[in-house]
Asks: 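Just dropping this structure here.
Worth knowing before you read on, the calculation uses all heavy atoms, side chains too, and leaves out hydrogens, waters and symmetry mates.
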Amino acid sequence: VNQEKSRPLPPWMSRMRAQWVEETVSETVKADNCLFGVIIGPGGSTMKELQVKYNIRVLIPRKGSKDEPIIVEGKDKTLVKDAVLRIKALIAEEKERRRYPKHCIPKALHGKVIGHKGQNIRPVTQALKIKIKFPNKNDNSDEVTLTGLPDQ
């Protein structure tokens with residue numbers, strides 16, 4: 001078995017590593033694992049954008065890890081704080097978006113559900129104190145959005 005010994009780091013690299021560790025400011029952000037994708041973005045674009053804009057490094061826990069926070073590191077304390085605020089805002093926006101469930105009802109049945117001048121849907125929305133939003137007539141979407149308190 002051929003075991004290679006690792007070469008020692010050059011002194012300048014050791015100094016750089018020590019300086020990075022010394023000067024790095026770190027903050028954590030708690031989020032559910034299902035929300036990590038919002039921070040990563042399509043193809044990692046959101047995370048890259050954050051890292052470039054705020055000159056930071058974002059460390060996201062591996063898939064399946066439980067209760068591990070997102071770590072934001074950088075040299076400038078204010079930029080790290082700004083990045084953390086932006087990440088928290090992204091998470092809050094996604095939570096708000098997920099709060100309103102979308103349901104699919106075939107487009108052909110929208111009129112039957114609503115009824116003539118809303119006679120079928122009005123009693124339901126008033127009794128349950130919810131709002132039901134159907135797509136425009138020109139839109140071919142089947143998505144119907146319900147808003148209200150969870151128990152309603």
Asks: At what distance, to the nearest 0.5 angstrom, does CD1 of Ile121 lie from NE2 of His110?
Replies: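 Nearest 0.5 Å value for the CD1-NE2 distance: 9.5 Å.
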
Asks: Give me the atom names and distance for the closest heavy-atom approach of Lys81 to Glu27.
Replies: NZ-OE2, 2.8 Å

Asks: Just how far is it from atom CD of Glu143 to atom CD1 of Ile105, taken to the nearest 0.5 Å?
Replies: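 Here the rounded value is 11.0 Å.
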
Asks: Could you go through the side-chain contact (heavy atoms from CB on, under 4.5 Å) check for Thr46 and Val38 one step at a time?
Replies: CA-CA 8 Å; Thr46 306; Val38 175; over 6 Å; no

Asks: If I compare all heavy atoms of Ile56 with all of Ala83, which pair ends up nearest, and what's the gap?
Replies: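 Here Ile56 and Ala83 meet closest at CD1-CB, 3.8 Å.
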
Asks: Under a 4.5 Å cut-off applied to non-hydrogen side-chain atoms, are Ser26 and Val72 in contact?
Replies: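 No - every pair of side-chain heavy atoms lies 4.5 Å or more apart.
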
Asks: Which distance, rounded to the nearest 0.5 Å, do you find between the CG of Asn55 and the CG of Asp82?
Replies: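 Rounded to the nearest 0.5 Å, the CG-CG separation comes out at 12.5 Å.
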
Asks: Pro69 and Pro61: which non-hydrogen atoms are nearest, and at how many Å?
Replies: O-CG, 3.4 Å

Asks: Look only at the side chain of Lys107 and the backbone of Asp139, and say whether a donor-acceptor pair between them is shorter than 3.5 Å.
Replies: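 Yes; judged by distance alone, with no hydrogens or angles, the pair exists.
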
Asks: Among the clusters formed by ILVMFWY side chains lying less than 4.5 Å apart, do Ile60 and Ile71 turn up in the same one?
Replies: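 No, no single cluster joins them.
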
Asks: Hydrophobic cluster membership, with links at side-chain heavy-atom distances under 4.5 Å among I/L/V/M/F/W/Y: are Leu90 and Leu85 in one?
Replies: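 Leu90 and Leu85: separate clusters.
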
Asks: Kindly give the heavy-atom pair with the smallest separation between Ile70 and Ala31, and that separation in Å.
Replies: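 The answer is CD1-CB, 4.2 Å.
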
Asks: Are Met47 and Leu59 in one and the same hydrophobic cluster, where Ile, Leu, Val, Met, Phe, Trp and Tyr link if side-chain heavy atoms are under 4.5 Å apart?
Replies: no

Asks: Restricting to non-hydrogen atoms, name the atom on Val29 and the atom on Lys88 that form the minimum distance, rounded to 0.1 Å.
Replies: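 Looking at all heavy atoms of both residues, the closest pair is CG1-CG, 4.0 Å.
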
Asks: Roughly how far, to the nearest 0.5 Å, is CD1 of Ile87 from CG of Leu50?
Replies: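 Between Leu50 CG and Ile87 CD1, I get 5.5 Å after rounding to 0.5 Å.
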
Asks: To the closest 0.5 Å, what do you measure between CD1 (Ile91) and CZ (Phe36)?
Replies: 8.0 Å

Asks: Which value, rounded to the nearest 0.5 Å, describes the distance between Asp76 atom CG and Thr24 atom OG1?
Replies: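 Here the rounded value is 12.0 Å.
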
Asks: Begin with the C-alpha distance, continue with both residues' side-chain angles, and end with the deciding distance and a verdict on side-chain contact (heavy atoms from CB on, under 4.5 Å) for Asn120 and Lys112.
Replies: CA-CA 8 Å; Asn120 294 347; Lys112 296 226 184 255; 5.6 Å; no

Asks: Could you pull out the closest heavy-atom pair between Gly118 and Pro123, with the gap in Å?
Replies: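 Taking every non-hydrogen atom into account, O-CD, 4.3 Å.
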
